[in-house]
Amino acid sequence: MTISKDRLMQGMQRFGGAMYTPVILFAFFGLAVAISIVCKNEGLLGSLAAKGTMWYDFWYVVEQGAWTVFSQMPILFAIAVPIGFAKKEQARCAMESFVIYMIFNYFISGFLTLHGAYFGVDYSVDAGAGTGLAMIAGIKTLDMGMLGAIFIACTTAWLHNRFYDTNIPDWMGIFKGPAFVVAVGFALMIPVAFLFCMVWPAIQHAIMQFQDFLKTSGLVGVWAYTFSERILLPAGLHHFIYLPFIFGPAVCDGGIQAYWLQHLNDFAVSGQSLAEMFPEGGFALHGNSKIFGLPGAALAIYMCAKPEKKKKTAALLIPATLTAMLCGITEPLEFTFLFVAPLLYAVHAVLAACLASALYAAGLAGNFGGGLIDAFVQNWIPLFQYHSGTYILQILIGLAFTAIYFVVFRTLILKFDYATPGRTADDVEDKLFSKAEYQAKKEMEEMGLADNALAIKAKVFLDCLGGPENIKEVTNCATRLRVTVADPDKVAPVGKFTKAGAFGLVKNGRALQVIVGLSVPQVRSYFDALLKGETIEGAAPVAAKSEENMDSSLAMKLHACVTGRLMDMTEVPDDMFSQKMMGDGIAIEPIGDTVVAPADAEVTMIMEESLHAIGLRMKNGAEILIHIGIDTVKLNGEGFQALVKAGDKVAEGTPLIKFDKEVIKAAGYGTTVIMAVTNSADYPQMQKHEDAEVVVSETPVLVF
């Protein structure tokens with residue numbers, strides 16, 4: 001059987017994502033342990049933190065709870081990893097994995113109790129570091145850490161996907177589902193446990209030798225580790241690098257995170273160099289690029305932005321940069337480099353590795369994998385008294401690299417004219433990009449559509465909806481992609497959609513609406529092609545822009561598009577409009593039966609099948625959506641008559657669409673006419689007429 005490169009990569013990415021499932025807990029528990037240790041430090045708090053005080057007792061208890069995930073890490077991985085692999089019933093798969101993992105360890109305990117010497121294991125000694133033994137839920141077994149747990153978890157997930165739906169006779173119905181999976185796992189674990197007893201002692205010896213090699217690799221090892229961790233992030237393979245180091249046995253038993261916290265008080269009362277006391281800590285300096293490097297890159301992007309776009313660019317970059325610095329979450333910034341200019345990301349990986357190596361050479365070690373919060377709580381606060389010089393030097397070197405990042409990024413952006421945020425064309429919306437968009441772009445490159453934003457958007461939406469196999473039906477209205485899915489649990493959170501450019505997501509069981517905007521016809525065409533597995537050629541047709549020069553500073557006055565009672569957008573009985581997902585504007589409860597142009601404009605879009613909505617572009621660049629009725633797309637054009645077509649240039653008062661209110665009411669739908677400025681964010685000076693009776697083409701309802 002031939003395994004394609006794409007299939008292999010997808011499998012590795014899925015494995016990396018599954019391993020990350022339990023890791024999301026480590027940040028909180030790491031901070032909890034560090035804070036507890038700090039609060040018991042007499043050097044910082046004096047007699048208040050002395051043993052025997054109520055303060056000490058409280059934080060002692062807190063610390064015991066904070067060690068939970070680190071003390072039970074193998075069990076946590078055994079339970080959590082299958083959640084990312086199971087195709088259905090993830091909770092049951094997690095239970096099965098826990099039981100099979102316990103069975104596995106009990107079998108190992110049985111083999112070693114009877115024949116430990118045969119396997120080269122002294123089972124009589126107490127479990128602990130250096131013995132090759134560990135206690136897992138009260139079972140003395142081989143010390144395999146998270147590696148053994150991950151192996152059993154992946155095996156269980158495979159068993160679950162293979163045997164969960166196995167048909168067995170009705171009289172044996174009690175053994176269906178989870179019971180059958182565990183029964184198969186029980187039988188399988190006997191030979192697996194025996195095999196591990198045979199080979200694991202040799203693997204442990206190899207791991208110890210590898211640890212010794214890495215400890216003595218010095219700057220070269222730190223540089224290579226940091227570079228690999230950053231450069232593999234786009235493919236989702238960086239988990240394979242940092243997990244064995246930070247939470248596994250690559251350089252020390254239990255991983256850098258747990259070891260550092262366990263010995264924090266020892267490091268806090270010694271003036272010896274951190275790099276000498278804990279050389280393994282050089283492999284946890286990669287977070288310094290998040291604290292010092294990315295701010296320099298962000299500043300370069302801001303300084304290279306067009307003058308008229310700098311304010312908006314700053315609004316994008318400041319929260320993303322603060323998130324990276326404080327929490328270590330770098331996706332919005334790093335994937336923007338990747339999306340716009342992969343060379344910038346490669347340079348970032350090199351500079352990050354150089355920064356970590358420079359700091360290690362200056363004597364720094366510790367746990368700097370996250371952002372400033374980790375730096376303060378797990379390093380600077382508890383250790384500053386004896387290591388202040390090292391930390392001050394760290395900040396100085398870090399700031400020097402901030403300047404290096406700025407100079408290098410600014411030079412490359414200007415030299416190669418990269419379209420970073422703020423340097424895009426005037427009609428292109430500036431944004432930061434997500435991992436999903438980057439991956440979609442890579443797939444679109446094979447179709448020659450890497451620069452087609454709408455095709456990429458369609459690919460991200462399809463992935464977020466669970467992929468082609470989860471799609472049952474697709475339609476669209478003027479602004480929404482309406483989708484029926486097979487399994488709503490496979491649909492990604494709304495944040496994934498909004499990051500890709502959607503205005504929101506409406507869920508009603510298996511019926512979903514992705515609020516796309518006026519570009520929905522083009523997005524739908526790409527979506528359909530991807531759904532069918534067709535090759536997309538060229539670009540989807542878009543409405544031609546006006547040949548006139550749009551002056552974005554030109555004032556506009558929009559008159560009522562229909563006679564009736566004016567109301568504010570927030571009063572519209574449709575969340576998409578009332579929450580202004582499609583922009584701000586007004587609505588009218590109509591008396592008339594014809595919608596007219598509120599000002600001179602160009603018709604950019606009209607719903608050809610339902611005829612219930614029309615898009616207009618004003619001379620000042622404002623994009624207007626006039627939507628007739630609530631949910632009237634379901635009428636499929638009944639009761640509507642289009643009087644213009646896309647591409648027409650219309651004068652103020654030109655009839656656009658005629659509609660029959662009685663037909664709409666008879667179908668049970670509202671007749672409210674909504675007039676939304678879809679790019680209203682570009683017109684903060686826009687003023688709306690107060691609620692009142694309005695006359696078509698006479699009463700001004702929007703002024704900006």
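As the structure is a computational prediction, the values presented were derived from the model and not from experiment.
- Using a distance-only test at 3.5 Å, with no hydrogens or angles considered, no donor-acceptor pair links the side chain of N161 to the main chain of W158.
- To the nearest 0.5 Å, atoms OG (S71) and CE (M135) are separated by 13.0 Å.
- Side-chain contact between Y101 and P74 is present, with heavy atoms from C-beta onward closer than 4.5 Å.
- Between Q394 and N288, some side-chain heavy-atom pair lies under the 4.5 Å cut-off.
- Under the 6.0 Å cut-off for aromatic ring centres, F111 and Y118 do not qualify, their centroids lying 6.0 Å or more apart.
- A donor-acceptor pair is defined here as one N or O able to donate and one able to accept, closer than 3.5 Å; no such pair exists between the side chain of S217 and the backbone of V220.
- The heavy-atom pair separating I231 from A349 by the smallest distance is CD1-CB, 3.8 Å.
- Using cut-offs of 30° and 60° for the angle between ring planes, the Y345 and H348 rings count as perpendicular.
- Atom CD1 in I373 sits 6.5 Å away from atom CG in L31 (nearest 0.5 Å).
- Side-chain atoms of T131 do not come within 3.5 Å of backbone N or O of A127 as any donor-acceptor pair.
- Aromatic pair W380/F384: ring centres not closer than 6.0 Å.
- A donor-acceptor pair under 3.5 Å is absent between the side-chain atoms of E276 and the main chain of Q272, judged by distance alone.
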Check the pair I139, N105 against side chain to side chain contact (heavy atoms under 4.5 Å, CB included), reporting the backbone distance first and the verdict last. CA-CA 7 Å; I139 311 167; N105 283 297; 4.1 Å; yes
Kindly determine whether H286 and E229 satisfy side chain to side chain donor-acceptor pair (under 3.5 Å), including the steps that lead there. CA-CA 8 Å; H286 52 277; E229 191 272 337; 4.6 Å; no
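- To the nearest 0.5 angstrom, K290 atom NZ is 7.5 Å from E334 atom CD.
- S270 places no side-chain N or O within donor-acceptor distance of the main-chain N or O of D266, the cut-off being under 3.5 Å.
- Atoms CZ and CD1, on F77 and I75 in that order, are 13.0 Å from each other to the nearest 0.5 Å.
- Of all heavy-atom pairs spanning L45 and C39, the tightest one is CD1-O, 3.4 Å.
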Residue pair N265, N41: steps toward the side chain to side chain contact (heavy atoms under 4.5 Å, CB included) verdict: CA-CA 8 Å; N265 280 331; N41 190 321; 4.1 Å; yes
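- Remark: aromatic rings of W260 and F267 are close, center separation under 6.0 Å.
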Could you check R230 against V350 for side chain to side chain contact (heavy atoms under 4.5 Å, CB included), going step by step and ending with a plain yes or no? CA-CA 9 Å; R230 286 293 88 189; V350 171; over 6 Å; no
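- The two atoms that bring L393 and A362 nearest to each other are CD2-CB, 3.6 Å, heavy atoms only.
- In this structure, F292 has its ring center no closer than 6.0 Å to that of F401.
- Every side-chain hydrogen bond (donor to acceptor under 3.5 Å, both in side chains) that E63 has, sequence neighbours left out, goes to K40, W67.
- Residues S289 and Y405 are in side-chain contact: their nearest non-hydrogen atoms beyond the backbone lie under 4.5 Å apart.
- The two atoms that bring P319 and A314 nearest to each other are CD-O, 4.2 Å, heavy atoms only.
- Checked options F104, F119, F107; the residue passing with F194 is F119 (criterion: ring pair (Phe, Tyr, Trp, His ring centres under 6.0 Å)).
- With 3.5 Å as the limit, one finds a donor-acceptor pair spanning the side chains of N367 and Q257.
- To the nearest 0.5 Å, atom OG of residue S357 and atom CG of residue L364 are 12.0 Å apart.
- Judged by distance alone, the side chain of S97 and the main-chain N or O of C93 form no donor-acceptor pair under 3.5 Å.
- At least one side-chain heavy atom of I103 sits less than 4.5 Å from a side-chain heavy atom of V182.
- Checked against F406 for a side chain to side chain contact (heavy atoms under 4.5 Å, CB included), the options T411, L299, I301 give a single hit: L299.
- For the pair L344/T420, a side-chain contact is recorded, criterion being any heavy-atom separation below 4.5 Å from C-beta on.
- Annotation: the span from L159 atom CG to C154 atom SG amounts to 11.5 Å, rounded to 0.5 Å.
- Evaluation of the side-chain contact (heavy atoms from CB on, under 4.5 Å) rule for L48 yields W55 as partners, not counting sequence neighbours.
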Stepwise side chain to side chain donor-acceptor pair (under 3.5 Å) check, D489 with Q90: CA-CA 11 Å; D489 292 336; Q90 288 91 343; over 6 Å; no
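- Scored by the side-chain hydrogen bond (donor to acceptor under 3.5 Å, both in side chains) test, Y123 finds S109 as partners (sequence neighbours excluded).
- Side chain of N379 to backbone of D374: a donor-acceptor contact under 3.5 angstrom is found.
- With contacts defined as side-chain heavy-atom distances shorter than 4.5 Å, the pair I108/L112 qualifies.
- Within the 3.5 Å criterion, the main-chain N or O of W223 finds no donor-acceptor partner in the side chain of T226.
- Closest non-hydrogen pair, I291 versus A375, comes out as CD1-CB, 4.2 Å.
- Looking only at side-chain heavy atoms (C-beta outward), F151 and L147 stay at 4.5 Å or farther from each other.
- Minimum interatomic distance between L133 and D122 (heavy atoms only, all atoms of both residues): CD1-O, 3.6 Å.
- Electrostatic pairing of E42 and K51 does not count as a salt bridge here, judged by no charged N lying under 4.0 Å from a carboxylate O.
- Remark: D126 CG is loosely packed, at most 12 non-hydrogen atoms of other residues, nucleotides or ligands lying under 6.0 Å away.
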Kindly determine whether V251 and I256 satisfy side chain to side chain contact (heavy atoms under 4.5 Å, CB included), including the steps that lead there. CA-CA 7 Å; V251 289; I256 292 173; 3.7 Å; yes
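- Taking the side chain as every heavy atom from C-beta outward, D57 and V61 never approach each other to under 4.5 Å.
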